[in-house]
Amino acid sequence: MELWLDEALELKNGRALKIKVKEFLHSRTTPFQKIDVFESEGFGRMFTLDGVVMMTEADEFAYHEMIVHVPMMSHPNPEKVLVIGGGDGGTVREVLKHPSVKEVHLCEIDKGVIDVCYEYFPEIANAMKDPRVKHAYEDGAKYVKDYQNYFDCIMVDSSDPVGPAEVLFKRPFYETMANCLKEGGICTTQGESFYYHGPIIRELFNFIPEIFNHCGYYYTVVPTYPSGIIGFTYCSKGPDPYAVVPDPKRVPQGLKYYSAEMHKAAFVLPQFAQKHIVRK
Ligand code: SPD
């Protein structure tokens with residue numbers, strides 16, 4: 001019998017992403033969500049949270065490189081970094097490719113995600129064992145309240161705005177993040193797809209320009225996310241995202257998606273998508 005994964009969240013809207021499953025490897029329910037791990041036919045090993053695809057081995061690089069290297073390459077010397085969510089370790093792995101980094105705080109509300117990823121995705125997750133990484137199993141919206149003028153870069157590597165990540169798409173969280181960034185600091189947040197989630201993006205840009213000196217939106221191409229693309233908000237107490245000229249000499253070696261050229265190109269949006277966002 002053939003086994004296919006249908007992504008639950010998008011099915012509600014009459015759209016489906018189907019991935020053929022070779023083998024079902026693991027399932028557990030934590031106090032926050034259900035975690036499932038599969039071996040897929042075309043995308044390698046992958047996991048879902050409450051039925052929504054979070055990561056596959058085949059295309060995770062396109063997401064993790066872009067949520068990380070765009071802010072890190074925009075900042076002249078990122079030393080202290082906060083990752084909210086990101087319990088698979090992909091975002092932390094990319095952050096640690098920058099030699100300026102002295103400490104990375106990883107605030108993942110669900111320790112179950114980290115435990116599952118250590119077991120089933122060790123090549124990605126083991127980056128979280130680096131001694132520069134400080135682990136906190138907390139709500140990111142609470143964690144940011146404990147720091148003021150502390151971080152150079154923040155990446156909000158969240159799931160979608162239902163369940164535990166809902167609060168990470170609200171104005172109070174962005175206000176607190178702005179406080180815990182140093183002057184010149186930058187944060188990027190998982191900002192959904194301009195094809196499918198216009199209302200969510202528009203809601204974010206109702207308040208982001210009122211909180212940050214500069215803001216913008218860019219995207220990357222990930223075949224296993226709804227519509228095959230996913231965007232990020234760029235919220236800055238320092239550089240104007242549209243004026244940044246990344247230094248090619250600082251680009252970490254061995255990347256597969258990010259380059260100085262891709263950095264600039266990712267901010268160029270199709271005309272229909274521009275109406276959802278505010279450039280500042
Ligand atoms: N629609 C799913 C969006 C998931 C984004 N975060 C994924 C976590 C990868 N580290």
Side-chain angles (χ1 to χ4, degrees), residues 5-13 15-19 32-38 43-71 81-96 104 106-110 112-118 120-128 133 140 154-166 168-169 187-201 204 217-233 257-258:
L5 169 79
D6 273 338
E7 191 174 82
L9 193 65
E10 293 301 335
L11 278 175
K12 277 192 220 149
N13 297 321
R15 302 180 282 228
L17 168 76
K18 284 181 75 160
I19 297 180
F32 300 98
Q33 55 213 342
K34 182 164 181 272
I35 310 171
D36 292 297
V37 185
F38 309 90
F43 295 102
R45 198 168 276 193
M46 56 181 288
F47 81 96
T48 60
L49 295 181
D50 288 337
V52 177
V53 176
M54 288 294 119
M55 182 181 86
T56 84
E57 286 176 330
D59 59 12
E60 57 84 16
F61 65 93
Y63 175 87
H64 291 128
E65 289 186 17
M66 290 301 277
I67 195 172
V68 170
H69 300 305
V70 170
V81 178
L82 169 62
V83 176
I84 294 178
D88 49 63
T91 294
V92 167
R93 177 196 65 201
E94 296 303 318
V95 167
L96 292 171
V104 186
L106 174 68
C107 179
E108 164 61 65
I109 196 169
D110 190 350
V113 174
I114 296 179
D115 293 341
V116 165
C117 290
Y118 278 147
Y120 290 94
F121 302 91
E123 285 181 13
I124 299 166
N126 282 346
M128 294 184 287
V133 180
I154 302 174
M155 291 102 206
V156 183
D157 180 6
S158 72
S159 48
D160 299 308
V162 282
E166 194 177 354
L168 305 179
F169 287 74
C187 76
T188 51
T189 71
Q190 192 273 92
E192 301 293 357
S193 159
F194 49 67
Y195 273 107
Y196 286 3
H197 310 117
I200 296 173
I201 300 168
L204 289 168
Y217 185 90
Y218 66 100
Y219 74 103
T220 184
V221 177
V222 182
T224 57
Y225 285 159
S227 82
I229 59 162
I230 192 160
F232 306 96
T233 76
Y257 193 100
Y258 179 92

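First listed ligand is number 1; within each ligand, the first listed atom is number 1. Residues: numbered from 1 along the sequence shown.
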Test: salt bridge (charged side-chain N to carboxylate O under 4.0 Å, His left out). Region: residues 49-62. Which pairs qualify, not counting sequence neighbours?
Glu60-Arg93
Looking at residues at least two apart in the chain, or sitting in another chain, which of them share a side chain to side chain donor-acceptor pair (under 3.5 Å) with Asp157?
Tyr63, Thr91
Does the Tyr225 side chain pair with the main chain of Met54, one donor and one acceptor, at a distance under 3.5 Å?
yes
Tyr258: what forms a side chain to side chain donor-acceptor pair (under 3.5 Å) with it, not counting sequence neighbours?
His263
Mind listing the closest non-hydrogen atom pair of Ala16 and Asp6 along with its distance?
CB-OD1, 4.4 Å
Once you restrict both partners to nitrogen or oxygen, which atoms of ligand 1 have a protein partner under 3.5 Å, and how far apart are they?
unit_1	atom_1	unit_2	atom_2	d
ligand 1	1 (N)	Asp160	OD1	3.0
ligand 1	1 (N)	Asp160	OD2	3.0
ligand 1	6 (N)	Tyr63	OH	3.3
ligand 1	6 (N)	Asp157	OD1	3.3
ligand 1	6 (N)	Ser158	O	3.0
ligand 1	10 (N)	His64	NE2	2.7
ligand 1	10 (N)	Asp88	OD1	3.2
ligand 1	10 (N)	Asp88	OD2	2.5
ligand 1	10 (N)	Asp157	OD1	3.3
ligand 1	10 (N)	Asp157	OD2	2.7

I'd like to know if the side chain of Gln190 and the backbone of Glu192 have a donor-acceptor N/O pair within less than 3.5 Å.
yes
